[in-house]
Number of protein chains: 2
Amino acid sequence: MVKDVRRELERFVDKCKSMGLKITPQRVAVYEVLLNREDHPTVEEVYNEIKKRYPFVSLATVYRTVETLEDLGFVKRVAYWGGSVRYDANVEDHHHLICTKCGAIKDIQLDINWQAPEHLEGYKVEKYSLHIYGVCPACQKKEN
Amino acid sequence: MVKDVRRELERFVDKCKSMGLKITPQRVAVYEVLLNREDHPTVEEVYNEIKKRYPFVSLATVYRTVETLEDLGFVKRVAYWGGSVRYDANVEDHHHLICTKCGAIKDIQLDINWQAPEHLEGYKVEKYSLHIYGVCPACQKKEN
DNA sequence: ATAGCTGCAAACTATTTGCAATCCC
DNA sequence: GGGATTGCAAATAGTTTGCAGCTAT
């Protein structure tokens, strides 16, 4: 699955317009960074990347923007292992490989042959994902 | 699966002794609270429950104790949706039902017919769990 | 007796918020 | 022009840490 960043950004701009939200450089920059990353950066990481190109953004704006993006359905907040919240511009269903040492999260495609029921123990089910915990290659090296 | 709290506490006391750790009332109280709860309380929640019975404990001690318990393998830190870290004294493999509104986490037993490989994309796999996201009964009521 | 624990308070990290200035439509 | 958005700094929430005194072994 190759992401068409340009097309996604257009879709985002359209959605903002239709919602009466302004298209600000900050907003576009945040979404662009998230679209271009394969991992699931923290807000701080997004901020650091944006600062290189647009030194004017503030961390508070990045926090506000990821929340807006989440409300609009363009990114999702991924359940996290520790530390800070992480965001993901891949909104399709997929599974996660999570490092128990550093918290890094990687998307993976897997067929688990399981379908979520609409309701479970009184919960209204929205989505699900398999979380696989382990030690990532980088942290395995550090262990020696 | 009915938990034998008394037996678990004994096992805990033995393990502490064998590790040269002291059996303090604070330690026992924290583990006892976690053993007796079906949900996955935050550190603050554990602290509040303990305070009722043992008003002398401090929040910092509860933080330190859950970490010790985790190191010993008596509880685990569960991946969380937002806010604070949550702990679980159920160390057997099981799945999670997570409320996207309030972050509450409930254990569930499910057969997903899937076995984790030992290695996946370079990660050394330790365990896995299915995370099912939805809105819990309490939050569904609040929505009206 | 003494190493390990604890309580307290202060430090730190992550996130949110109030408000005046600024920017898109 | 005018409301939405931003930057800044201050506030808040969650967690960790230093240290002096206490306690289980």
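Residue numbers start from 1 in every chain, and the chains themselves are labelled A, B, ... in the order their sequence lines are given, proteins ahead of strands.
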Completion exercise
Whether each nucleotide of nucleotides 17-24 of chain D has a protein heavy atom under 4.0 Å at its base (B), only at its sugar-phosphate (S) or at neither (-) is summarised, 5' to 3', as BB----BB
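At the heavy-atom level, B:Gln26 lies under 4.0 Å from the strands shown only through sugar-phosphate atoms.
A donor-acceptor pair shorter than 3.5 Å cannot be found between the side chains of B:Thr68 and B:Thr65. Judged by distance alone, the side chains of B:Asn113 and A:Asn113 never bring a donor and an acceptor atom under 3.5 Å apart.
Side-chain N/O atoms of A:Thr61 include none lying less than 4.0 angstrom from OP1 or OP2 on D:dT6. Between B:Ser58 and C:dC8, a side-chain N or O to OP1/OP2 separation shorter than 4.0 Å is absent.
For the pair B:Met19 CE and D:dT25 C1', the interatomic distance rounds to 17 Å; values are reported in whole Å. Here C:dC25 presents its P atom at 12 Å from CG of A:Asp14, a figure rounded to the nearest Å. The separation between B:Glu70 atom CD and D:dT15 atom P is 12 Å, rounded to whole Å. In this structure, CG of A:Leu59 is placed 16 Å from P of D:dA10, rounded to the nearest angstrom. Counting to the nearest Å, the P atom of C:dC5 and the CG atom of B:Leu69 are 12 Å from each other. Rounded to whole angstrom, the span from the CZ atom of A:Phe56 across to the C1' atom of C:dT22 amounts to 13 Å. Atom NZ of B:Lys51 is separated from atom P of C:dT6 by 17 Å (rounded to the nearest Å). Atom OH in B:Tyr31 sits about 18 Å away from atom P in C:dC5, given to the nearest Å.
Taking the C1' atoms of five terminal pairs at each end of the helix from C:dA1-D:dT25 to C:dC25-D:dG1, the two resulting helix axes are inclined by 30°, rounded to 10°.
Residues that satisfy the salt bridge (charged side-chain N to carboxylate O under 4.0 Å, His left out) test with B:Glu49, not counting sequence neighbours, are B:Arg37.
Counting only distance, with no hydrogens or angles, the side chain of B:Arg86 and the backbone of B:His40 share a donor-acceptor pair below 3.5 Å. Side chain of B:Tyr128 to main chain of B:Trp114: a donor-acceptor pair is present (N/O by atom type, distance under 3.5 Å, no hydrogens or angles).
You'll find the side chain of A:Leu72 reaches within 4.5 Å of the side chain of A:Cys16, heavy atoms only.
The aromatic rings of B:Tyr31 and B:Phe12 sit tilted, their planes meeting at an angle between 30° and 60°. Ring geometry, A:His96 versus A:His131: the interplanar angle exceeds 60°, so the pair is classed perpendicular (tilted spans 30 to 60°).
Among all heavy-atom pairs drawn from B:Ser129 and B:His94, the shortest one is CB-O, 3.3 Å.
Of the candidates D:dT15, D:dG7, C:dT6, D:dT15 carries the atom nearest the B:Val85 side chain, counting heavy atoms from C-beta on. For A:Arg27, taking side-chain heavy atoms from C-beta onward, the closest of the listed nucleotides D:dG14, D:dT5, D:dG7 is D:dT5.
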